[in-house]
Q: 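Structure below; questions to follow.
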Amino acid sequence: MSPLENTYLAPTAFAQRVYAALQQVPAGRVTTYGWLAHAVGVKSAQAVGQALRRNPFAPAVPCHRVIAADLHLGGFHGARAGTPLAHKRQLLADEGVLFDAQGQLVEPWRLWSGQKTMPQSPMVFS
DNA sequence: ACCGTGACGGCGA
DNA sequence: TTCGCCGCCACGG
C-alpha cells in the first residue's frame with residue numbers, strides 16, 4: 001500500500017498513554033473510562049473513549065476491560081450496542097467477570113459496600 | 001485556526 | 001429513579 005492510500009492513523013501520544021495505563025488492568029478485572037482518564041491525567045473520560053474507539057491493538061491492549069462508571073458496558077469496536085457488545089461481554093465472561101441472568105455486570109465491590117458512588121483509589125476493581 | 005463530535009460523568013429537575 | 005444538560009478535551013474535517 002502506498003503512503004498516499006494508507007489510511008491507517010498512528011496512535012497519538014495521548015492514545016499511547018491511555019493504552020499504557022490500560023495494560024495495568026489484568027484479565028478478570030475491569031476499570032472505567034473515568035479512572036483511566038484520572039490515571040493519564042485528564043479530566044475527560046470522553047477523551048479516553050476517543051482513544052479506545054480506534055484502538056488498533058485489541059485485544060492485546062484490553063479495551064474490553066473498560067466499562068462506564070454507571071456499570072453499563074460502554075462500547076466495543078466503535079459500536080455502543082449490538083453484536084460487538086455481546087462480544088465484549090463474552091470476552092469478559094471468559095475471563096471470569098461475573099454477569100447476572102439479565103446480562104448485567106455483577107460488581108462485587110458494590111455488593112459488599114452497598115455504595116452507589118465509585119471508590120476513589122483503585123483504578124481496577126473486579 | 002475553528003468547530004462539531006463523541007465507547008463519559010455527575011448533578012439538578 | 002430516570003432524563004437532560006453541561007463541562008470535559010482530543011481529534012478529524
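What you are looking at is a predicted structure, and each value in this text was computed from that prediction instead of being measured. Lettering of chains follows the sequences in order, A, B, ..., and the numbering in each one begins at 1.
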Q: Send over the distance from A:F76 CZ to B:dG6 P, rounded to a whole Å.
A: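 Rounded to the whole Å, the gap is 20 Å.
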
Q: Mind calculating the distance between CZ (A:R17) and C1' (C:dC9) to the nearest angstrom?
A: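 Rounding to the nearest Å, CZ of A:R17 and C1' of C:dC9 are 11 Å apart.
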
Q: From B:dG6, C:dA10, B:dG9, pick the nucleotide closest to the side chain of A:Q46?
A: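 Among B:dG6, C:dA10, B:dG9, the one nearest the side chain of A:Q46 is B:dG6.
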
Q: Could you note down all residue pairs passing salt bridge (Lys or Arg N to Asp or Glu O under 4.0 Å) where residues 77-92 of chain A supplies at least one of them, sequence neighbours left out?
A: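 Sorted result for residues 77-92 of chain A: empty, none.
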
Q: Which listed nucleotide (B:dG9, C:dA10, C:dC8) is nearest to the side chain of A:K43?
A: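 Out of B:dG9, C:dA10, C:dC8, the nucleotide with an atom closest to A:K43's side chain is C:dC8.
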
Q: For A:A45 and A:P11, take the nucleotide of DNA chain C holding the closest heavy atom to each; which residue's nucleotide lies nearer the 5' end?
A: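 Of the two residues, A:A45 wins.
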
Q: Which part of the nucleic acid, if any, lies within reach of A:Y33 when heavy atoms closer than 4.0 Å are counted: base, sugar-phosphate only, or nothing?
A: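 Contact class for A:Y33: base.
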
Q: Is the backbone N or O of A:A51 less than 3.5 Å from a side-chain atom of A:Y19, with the two atoms forming a donor-acceptor pair by type?
A: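 Such a contact is found between A:Y19 side chain and A:A51 backbone.
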
Q: What base-paired stems does DNA chain C take part in, with at least 3 consecutive Watson-Crick or G-U wobble pairs and both distances under 3.5 Å?
A: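 If one scans DNA chain C for consecutive Watson-Crick or G-U pairs, the stems found are B:2-6 with C:9-13, B:8-13 with C:2-7.
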
Q: Taking all heavy atoms of A:H77 and all of A:A58, pick out the closest pair and write down the distance.
A: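 Where A:H77 meets A:A58 most closely, the heavy atoms are CE1-CB, 4.4 Å.
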
Q: Atom OH of A:Y19 and atom P of C:dA10: how far apart are they, to the nearest Å?
A: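 It is 14 Å, rounded to the nearest whole Å.
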
Q: Output the rounded distance in Å from CG (A:L52) to P (C:dC11).
A: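 A:L52 atom CG is separated from C:dC11 atom P by 12 Å.
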
Q: So, is A:R80 near the phosphate of B:dG6, with a side-chain N or O under 4.0 Å from OP1 or OP2?
A: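 So the side-chain polar atoms of A:R80 never come under 4.0 Å of the phosphate oxygens OP1 or OP2 of B:dG6.
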
Q: Can you give me every donor-acceptor pair (side chain of residues 96-106 of chain A, partner residue at least two apart or in another chain, under 3.5 Å) with its distance?
A:
from, atom 1, to, atom 2, distance (Å)
A:D100, OD1, A:Q102, N, 2.8
A:D100, OD1, A:G103, N, 3.1
A:D100, OD1, A:Q104, N, 2.9

Q: Separation of A:D70 atom CG from C:dT2 atom P, in whole Å?
A: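 These atoms are roughly 10 Å apart.
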
Q: Write out all pairs satisfying side-chain hydrogen bond (donor to acceptor under 3.5 Å, both in side chains) with one or both partners inside residues 54-69 of chain A, taking only residues at least two apart or from two chains.
A: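 Counting only pairs at least two positions apart or across chains, the side-chain hydrogen bond (donor to acceptor under 3.5 Å, both in side chains) contacts touching residues 54-69 of chain A are A:H64-A:E95, A:R65-A:E95.
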
Q: Considering only side-chain heavy atoms of A:S44, which listed nucleotide, C:dA10, C:dC9, B:dG9, is closest?
A: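 So the side chain of A:S44 is nearest to C:dC9.
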
Q: Return the value, rounded to whole Å, for the distance between atom CD of A:Q16 and atom C1' of C:dA10.
A: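 Interatomic distance, CD of A:Q16 to C1' of C:dA10: 14 Å.
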
Q: Taking ring-ring contact (aromatic ring centres under 6.0 Å, His included) as the definition, give me every residue that meets it alongside A:H72, ordered by chain and number, with sequence neighbours left out.
A: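 A:H72: no ring-ring contact (aromatic ring centres under 6.0 Å, His included) contacts found.
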
Q: Considering every strand and a 4.0 Å limit on heavy-atom distances, what is the contact class for A:R54: base, sugar-phosphate, or nothing?
A: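 It contacts sugar-phosphate atoms only.
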
Q: Using a 3.5 Å cut-off and no angle test, enumerate the donor-acceptor pairs between side-chain atoms of residues 9-18 of chain A and protein atoms at least two apart in sequence or in another chain.
A:
from, atom 1, to, atom 2, distance (Å)
A:T12, OG1, A:A15, N, 3.1
A:Q16, NE2, A:P11, O, 3.3
A:R17, NH1, A:V40, O, 2.7

Q: Whole angstroms only, please: what is the CG-C1' distance between A:L36 and B:dC8?
A: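 Taking atom C1' of B:dC8 as the reference, CG of A:L36 is at 12 Å.
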
Q: In this structure, how many angstroms lie between the P atom of B:dC8 and the CG atom of A:L71, rounded?
A: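 Roughly 14 Å, once rounded to whole Å.
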
